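For the single chain, residues carry numbers from 1 onward in sequence order. Keep in mind it's a predicted model, so treat the numbers as computed, not measured.
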Amino acid sequence: MSYSLFDYNIKVVSDKKDNDYIAYIEEIPECSAFGNTPEQAIKELKIAYQLWQETSEEKGYPIPEPLNLKDYSGKFVLRLPKSLHKQLAEKAVSENISLNQYALYCLTRGMKV
């Protein structure tokens with residue numbers, strides 16, 4: 001399947017060492033480009049992505065699905081050491097909330113978005 005560049009998560013970061021900007025696709029980090037401005041970096045990324053996509057299709061390489069287009073259920077299974085599971089369950093009981101609520105609380109407190 002063919003995706004547009006803007007279906008993907010595009011990141012632009014400043015490269016202070018070279019005094020320019022790097023644009024890349026989060027799902028395809030090997031596809032990146034440089035520019036003197038963020039806009040120029042994205043313009044160059046469009047070209048890089050087009051070439052990457054053409055090469056991938058010619059060679060039969062897999063093209064990752066954009067994260068923006070995926071459907072997330074809000075559920076996943078996590079395996080824990082028994083000791084951590086016990087600690088979390090005990091803390092949830094002491095807070096008078098479910099283990100799920102406490103685990104969600106812990107995840108959101110430690111997450112940097």
**Q.** Residues Leu67, Tyr72; criterion side-chain contact (heavy atoms from CB on, under 4.5 Å); working and verdict
**A.** CA-CA 10 Å; Leu67 294 174; Tyr72 294 95; 3.3 Å; yes

How many angstroms lie between [atom1] in [X] and [atom2] in [Y], if you round to the nearest 0.5 Å?
X	Y	atom1	atom2	result
Ser2	Glu57	OG	CD	5.0 Å
Leu99	Leu88	CG	CG	6.0 Å
Phe34	Asp15	CZ	CG	6.5 Å
Ile28	Asn9	CD1	CG	10.5 Å
Arg79	His85	CZ	NE2	11.5 Å
Thr55	Tyr61	OG1	OH	8.5 Å

Q: Would you confirm whether Gln53, through its side chain, and Tyr3, through its main-chain N or O, come within 3.5 Å as a donor-acceptor pair?
A: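 Between the backbone of Tyr3 and the side chain of Gln53 there is a qualifying donor-acceptor contact (under 3.5 Å).
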
**Q.** Polar side-chain atom of Gln101 near backbone of Ser98 as donor-acceptor pair, under 3.5 Å
**A.**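 Yes: the side chain of Gln101 pairs with the backbone of Ser98.
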
Q.
So Asp7 and Asn68, do their side chains get closer than 4.5 Å, heavy atoms only?
A.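 A side-chain contact is absent here, since even the closest heavy-atom pair is not under 4.5 Å.
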
Same hydrophobic cluster for [X] and [Y], using side-chain heavy-atom links shorter than 4.5 Å among ILVMFWY?
X	Y	value
Phe6	Tyr8	yes
Leu104	Leu84	no
Val12	Leu45	yes
Leu107	Ile97	no
Tyr49	Tyr24	no

Measure across [X] and [Y] and return the closest heavy-atom pair with its distance rounded to 0.1 Å.
X	Y	value
Ser56	Ile63	CB-CG1, 4.1 Å
Trp52	Cys31	CB-SG, 4.0 Å
Glu65	Glu27	O-CG, 4.3 Å
Ala48	Ser32	CB-O, 3.8 Å
Thr108	Tyr105	OG1-O, 3.0 Å
Ala92	Tyr102	CB-CB, 3.8 Å

Q) Under 6.0 Å from the CG atom of Asp18, do we count more than 12 heavy atoms belonging to anything else shown? A)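 Yes - once you tally the heavy atoms of other residues, nucleotides and ligands closer than 6.0 Å, there are more than 12.
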
Q) Should the heavy atoms of other residues, nucleotides or ligands under 6.0 Å from CD of Gln50 be counted, would the total exceed 12? A) no

Q: Could you go through the side-chain contact (heavy atoms from CB on, under 4.5 Å) check for Glu39 and Lys43 one step at a time?
A: CA-CA 6 Å; Glu39 296 78 16; Lys43 184 177 176 183; over 6 Å; no

Q: Using a strict 4.0 Å threshold on nitrogen-to-oxygen distance, state whether Glu90 and Lys86 make a salt bridge.
A: yes

